[in-house]
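The structure appears right after this line, and notes come after that.
From a predicted model like this one, the values you see are computed outputs, not experimental measurements. So you know, we letter chains A, B, ... as the sequences are listed, proteins then strands, and number each from 1.
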Number of protein chains: 2
Amino acid sequence: MSTTNSLAVEDLGSTAQRERRKRILDATFELASDGGFDAVQMRAVADKAEVALGTLYRYFPSKIHLLVSALAREFDRNEVLIRQMGDIPGETAAERVSYILKRTTRGLQGDPKLTEALTRAFMFADSSVAAEIHSVGMSLTTMLTHAMHSGQPSEHAEPTPEDVAVARVIGDVWLSALMAWVTGRSTAAETGAHLETAVGMILRD
Amino acid sequence: MSTTNSLAVEDLGSTAQRERRKRILDATFELASDGGFDAVQMRAVADKAEVALGTLYRYFPSKIHLLVSALAREFDRNEVLIRQMGDIPGETAAERVSYILKRTTRGLQGDPKLTEALTRAFMFADSSVAAEIHSVGMSLTTMLTHAMHSGQPSEHAEPTPEDVAVARVIGDVWLSALMAWVTGRSTAAETGAHLETAVGMILRD
DNA sequence: GACAGAACTAGAACGTGTTCCTATGATGGA
DNA sequence: TCCATCATAGGAACACGTTCTAGTTCTGTC
């Protein structure tokens, strides 16, 4: 565990520490949801979480680590929700993937400031945030391969390397589309249409 | 022309001003090439360009505008080079697009720090940088549609809406791949392979 | 050539991310 | 219980993006 990484839940011994970590992430969400990336100020997060600034930095070595960790927690929760949903509606893989993407996108668009904060942090992250980013990437890939195979005979097979490649490409497009929306370069409707087009191109079987 | 935009070349009356703008962008490239995003410090750029800090901010209202404008200039130059090249090698659209992407990617990877600086600025940009970002997007789309049709009967036709949609999706993937490389999450070889896979998926005709 | 207004210089000042330091409190082992 | 160690609080200090001010130079017009 190098000092350049955020403290994961598993790293934290005491209950008090796990609670501190939770308070910090909750404060981050609240501030981000209110005022976006700029409103997530480290002093403000520390205050709201009732934690000293130094402690905040002990748990998350930078603002970017903090926000990407928040994003990772959100994705984890989302993954659980989708898993609980059981079969995903849609005849073809393209339909199911579109369904999941739209659902997730709509969820994000329901809280624009929060999404802006999390997305921009993700985009700005450098290699020191690799671990946290990898976690997000895994969630996304899992979600997409699950959608591709949901309700199929292959449902419980390991995703093939090709599945993973497809999921990565779709994830790429999704990320770019999200970025375009977050930065005000495209509307929610355009984002949805673009995603549908892209999924149609990639998953025509 | 709102104050939130960078001064474009056309906006600048005098030769002295055009030279200032050029000196600023040159200084930006040099610093970025040396030390990446963090090394492009506004005071340093102003010093190297022999311009006051206030003047720098008159030309480019933020560090992000500055770097994205630098990226736009680079793309413009690249577009000219490719146009001069004449026909692009490759039998199929996929081959030609792959060729162009790889060529461009290799060019960028030859100057990793510079690429890191420009890419991260692009990723971090918000809606106030829309104009500059749009310019980059246009260059990219033009480049890709040109590659799709190069040497074909359709060579000089206007790109169809479908062409543009395909170009956008490929652009999205390319951007994400570049980001993964810049942030050290994938190697140059992986980036190339991923791009080739993606183009193969999207452009199988 | 004189003037008005815009552009430029130099540098102070401010905000926020990040680092550092000291004192205080919590924890676990002898 | 006492001690050693580590985590935390509180706050000063620093770096760099950004803004602002005052004075100077340039440019175009009469």
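The cationic group of K63(B) does not satisfy the cation-pi geometry with F124(B), failing either the under 6.0 Å distance to the six-membered ring centre or the 45° limit from the ring axis.
Contact between the side-chain N/O atoms of Y59(B) and the OP1/OP2 oxygens of dC8(C) is found at a separation under 4.0 Å. Taking 4.0 angstrom as the limit, T55(B) places none of its side-chain polar atoms (N or O) nearer than this to OP1 or OP2 of dA7(C).
Rounded to whole Å, atom P of dT18(C) lies 11 Å from atom CG of D38(B). Summarising the geometry, the separation between CD on E50(A) and P on dG10(D) is reported as 10 Å, rounded to the nearest angstrom. Taking atom CZ on F124(B) and atom C1' on dG17(D), their separation rounds to 11 Å, with Å as the unit.
The pair R23(B)-E19(B) fails the salt-bridge criterion, with no side-chain N (NZ, NE, NH1 or NH2) lying under 4.0 Å from an Asp/Glu carboxylate O.
Over its full length, the helix from dG1(C)-dC30(D) to dA30(C)-dT1(D) turns its helical axis through 10°, comparing axes from the five pairs at each end and rounding to 10°.
Applying the side-chain contact (heavy atoms from CB on, under 4.5 Å) test between I100(B) and each of V199(B), N78(B), I82(B), T105(B) identifies I82(B) as the sole match.
Between dT18(C), dA7(C), dA9(D), one nucleotide has an atom nearer to the side chain of S62(A) than all others, and that is dT18(C). The Y57(B) side chain lies nearest to dT19(D) when the options are dC8(C), dA7(D), dT19(D). Relative to the side chain of L53(B), the nucleotides dT19(D), dC8(C), dT18(C) differ in distance, and dT19(D) lies closest. In this structure, the nucleotide among dA7(C), dG17(D), dG10(D) sitting nearest to the side chain of R20(B) is dA7(C). Distance from the side chain of R43(B) is smallest for dA13(C) among the nucleotides dT16(C), dA13(C), dA7(D). Side chain of Q41(A), nearest nucleotide from dC8(C), dT8(D), dT16(C): dT16(C).
Place G54(A) and F37(A) on DNA chain C by their nearest nucleotides, and F37(A) ends up nearer the 5' end.
Residues D163(A) and T145(A) have side chains that never bring a donor and an acceptor to within less than 3.5 angstrom of each other. When only modelled atom types and interatomic distance are considered, S62(A) and H65(A) share a side-chain donor-acceptor pair under 3.5 Å.
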